[in-house]
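Data block below; observations after.
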Amino acid sequence: MSAAQARRVALAAQGFGRAKPAAPGIRQFTALIERLNLLQIDSVNVFERSHYLPVFARFGAFDKAKLDALTFARGGPYLEYWAHEAAIIPVQMWPLFRWRMEQLRQKYSSKPEGWVASNGPMLDWLRAELAARGPLAASEIEHDANTRHGPWWGWSDVKRGLEYLFSFGEVVSAGRNRFERSYALAEQLLPSEVMSAEVSKAEAIRELVRLSSQAHGIGTLRDLSDYFRLSQADTKAAIDDLVDAGELLPVTVPGWNRAAWLHRDARIPRRIETAALLSPFDPIVWERERALRMFGFHYRIEIYTPAPKRIFGYYSLPILLDDALVGRIDLKSDRQNGVLRVQSAWTEPDAPAATAARIAPLLRATAAWQKLDRVEVMHRGDLAPALAAELGTEQA
């Protein structure tokens, strides 16, 4: 399989190259999450929260409230867990991570001087609070930061305790309000068939690798293990089983210099036609080595880089045109002034001449989706002058 074919397989498996629905709703959202298996969550909101961006990249403008109603509904079909990182996943996938929950429990409970072992009474109290009053957000649990009625702990300890119980699977997400997560005991929210499901670690990892291979279309051992943050040894054993079952097909891709596998149901499109801005946490680019190998795109997020040392910008989004990553653009939603600010815009060495012409309409659509009145381009990056000209705006 050629490298170009591999790129198109990967993009098609992730939902690119399809006609965008005119008014995406529950059916389209559900189909997309079933295809990706997760939406990664991140708190950075300088442009837009990360879990909305893969949907926008594949569908165009959509009603965020409708997605929230589906993904953050209390007792709904989705919840959150540590899948890749913190992510929205289908409720039915929750039992596939029981082995991870137990690993985390053993890791954090085995140290006599560790936080979990030292705060048993507090964890018992949190369990009792949720049993009596749950679901609750951390801010709704009484502690020193609001009303003091007893031996309460500080807010940071309440939040930490809830997060440990969440990691252990005792507590599950119960929706979000203004992006604050609520918590409930697992038995308060999960269907009985999910609570009672018993899946061995080997079975769970085999299923996770199967789902990963479907979402990738094609991938290496590192790719398939990274999607759900599995060990490569466990992943290789699962790959061997899936090859024996005929679900994964060994393939060779020139230039990859490593073994790869194609999912038997993967499409190999003759072309991909799309224009999209990718979240730093989109599965297309979140494994940086895969992005470099597949697209020749060296990508590092610079949120944690001191401003003077940033090269491309604080929240730089890769630009996808057809089957190539052709540049990156640093966006900020200035909601107070109604402006989508292009903080910087850069091209890759082989970006097509029409890059600015194809990105300008996408930026206008992005601003409209964000309910912003206009786009302003800052004077930074080799793509900025052409974008400003296409948008008919002066560079700021």
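Model, not experiment: these values are computed from the prediction.
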Across all chains, not counting sequence neighbours, the side-chain contact (heavy atoms from CB on, under 4.5 Å) partners of A4 are S2, R7, R8

task = Give a yes or no on whether a salt bridge exists between R181 and E163, defined as a side-chain N under 4.0 angstrom from a carboxylate O.
result = yes

Should L36 and M294 be counted in the same cluster of Ile, Leu, Val, Met, Phe, Trp and Tyr side chains packed under 4.5 Å apart? no

Quiz: residues 191-201 side-chain donor-acceptor pairs under 3.5 angstrom, not counting sequence neighbours:
unit_1	atom_1	unit_2	atom_2	d
S196	OG	S192	O	2.9
S200	OG	E203	N	3.1
S200	OG	E203	OE1	3.2

How far apart are the C-alpha atoms of D223 and R293, what are their side-chain angles, what is the distance that settles it, and do they pass the salt bridge (charged side-chain N to carboxylate O under 4.0 Å, His left out) test?
CA-CA 11 Å; D223 297 338; R293 171 175 20 97; 2.8 Å; yes

> Between D234 and R206, does at least one N-O distance fall below 4.0 Å, as a salt bridge requires?
Replying inline: no

Separation between OH (Y183) and CD (E129), nearest 0.5 Å, reads 15.0 Å

Check your understanding: Under 3.5 Å, is there a donor-acceptor pair between the D382 and T347 side chains?
Key -> yes

Closest non-hydrogen atoms of A6 and I218, given as atom of the first, atom of the second and distance, are O-CG2, 3.7 Å

- Query: Going hydrophobic residue to hydrophobic residue with side-chain gaps under 4.5 angstrom, can you get from W286 over to Y314?
  - Reply: yes

Q) Do S333 and Q370 have side-chain N/O donor and acceptor atoms under 3.5 Å apart? A) yes

Answer yes or no: is there a donor N or O on one side and an acceptor on the other, between the side chain of N119 and the main chain of W115, under 3.5 Å? yes

Next on the checklist: Check D157 with R160, please: is the shortest side-chain N to carboxylate O separation under 4.0 Å?
Outcome noted: no

Are W346 and F312 close enough that their ring centres sit under 6.0 Å apart? yes

**OP:** Check the pair I239, L248 against side-chain contact (heavy atoms from CB on, under 4.5 Å), reporting the backbone distance first and the verdict last.
**Re:** CA-CA 7 Å; I239 288 173; L248 288 184; 4.1 Å; yes

- Query: Does some side-chain heavy atom of L249 sit less than 4.5 Å from a side-chain heavy atom of W261?
  - Reply: no

If we only count heavy atoms from C-beta on, is the V339 to L372 side-chain gap below 4.5 Å? no

Taken in chain and number order and not counting sequence neighbours, the residues that satisfy side-chain contact (heavy atoms from CB on, under 4.5 Å) with E390 are A356, A357, A360

- Salt bridge or not for E48 and K64, using N-O below 4.0 Å? yes

Here the gap from L136 atom CG to L185 atom CG, rounded to the nearest 0.5 Å, amounts to 9.5 Å

Q | Pairwise side-chain contact, Y299 with P280, heavy-atom cut-off 4.5 Å (strictly under) | A | yes

- Could you walk me through whether E287 and E289 pass the side-chain contact (heavy atoms from CB on, under 4.5 Å) check? CA-CA 6 Å; E287 214 299 278; E289 191 274 339; 3.4 Å; yes

Contacts satisfying side-chain hydrogen bond (donor to acceptor under 3.5 Å, both in side chains) that involve residues 88-104 (not counting sequence neighbours) are E102-Q106

So the side-chain hydrogen bond (donor to acceptor under 3.5 Å, both in side chains) pairs with at least one residue in residues 350-365 (sequence neighbours excluded) are D322-R358

Whether H84 side chain and R229 backbone form a donor-acceptor pair below 3.5 Å:
no

Taking the six-membered ring for Trp, are the ring centroids of F72 and H51 within less than 6.0 Å of each other? yes

Please test S139 against E180 for side chain to side chain donor-acceptor pair (under 3.5 Å), starting from the C-alpha separation and ending with a verdict. CA-CA 9 Å; S139 61; E180 183 184 14; 2.8 Å; yes

Pair E247-H263, side-chain donor/acceptor within less than 3.5 Å: yes

Indicate yes or no: does K236 engage D240 in a salt bridge with an N to O separation below 4.0 Å. yes

> Among the clusters formed by ILVMFWY side chains lying less than 4.5 Å apart, do L331 and L278 turn up in the same one?
Replying inline: no

Exercise for review: Group every Ile, Leu, Val, Met, Phe, Trp and Tyr by side-chain heavy-atom contacts under 4.5 Å, then state whether I329 and I311 land in the same group.
Suggested key: no

CG of L242 to CD of E207, rounded to nearest 0.5 Å, is 9.0 Å

Note to self: Under 6.0 Å from the ring centre and within 45 degrees of the ring axis: does the NZ or CZ of R18 meet both conditions for the six-membered ring of F59?
What the structure shows: no

*asked:* Are the side chains of L123 and R127 in contact, using a 4.5 Å heavy-atom criterion?
replied: yes

Heavy-atom nearest pair, F281 first then S50, reads CD1-CB, 3.5 Å

Correct closest heavy-atom pair for S225 and T235 would be CB-OG1, 3.2 Å

Exercise. State whether a side-chain donor-acceptor pair under 3.5 Å links Y315 with N45.
Key: no

- Task: Using distance alone, with no hydrogens and no angle criterion, decide if K159 and Y164 have a side-chain donor and acceptor under 3.5 Å apart.
- Result: no

Same hydrophobic cluster for L165 and M101, using side-chain heavy-atom links shorter than 4.5 Å among ILVMFWY? yes

* Asked: Is there side-chain contact between P54 and L39, with heavy atoms separated by less than 4.5 Å?
  -> yes

- prompt: Is the closest side-chain heavy-atom distance between V253 and T220 below 4.5 Å?
  reply: no

In short, P352 meets V326 closest at the heavy-atom pair CD-CG1, 3.7 Å

Problem - L277 vs T366 side-chain heavy atoms within contact, under 4.5 Å - result: yes

Q: Test side-chain contact (heavy atoms from CB on, under 4.5 Å) on D42 and E85 and set out the steps.
A: CA-CA 9 Å; D42 189 80; E85 294 291 332; over 6 Å; no

Salt-bridged, R310 to D330, with N to O below 4.0 Å? no

Nearest heavy-atom approach of A276 to A57 is CB-O, 3.6 Å

Value for CG (L320) from CD1 (I272), rounded to nearest 0.5 Å, stands at 9.0 Å

* Asked: Does R49 make a cation-pi contact with F179 (under 6.0 Å, within 45 degrees of the axis)?
  -> yes

dist L317:CG -> R328:CZ (nearest 0.5 Å) comes out at 11.0 Å

Q) Are any of the side-chain heavy atoms of K332 and V342 separated by less than 4.5 Å? A) no

Practice item. Answer yes when E302 and K309 have at least one side-chain N-carboxylate O distance shorter than 4.0 Å, and no when they do not. Key: no

*Validation row, ring centre W369 to ring centre F56 under 6.0 Å*: yes

Value for CG (L211) from CG (L224), rounded to nearest 0.5 Å, stands at 11.5 Å

A215 meets the side-chain contact (heavy atoms from CB on, under 4.5 Å) criterion, sequence neighbours left out, with Q14, N37, Y227

Q) Which is it for S173 and Y81 under the side-chain contact (heavy atoms from CB on, under 4.5 Å) test, yes or no, and what are the steps along the way? A) CA-CA 8 Å; S173 62; Y81 193 64; over 6 Å; no

Heavy-atom closest pair (A238 atom, I205 atom, distance to 0.1 Å) is CB-O, 4.2 Å

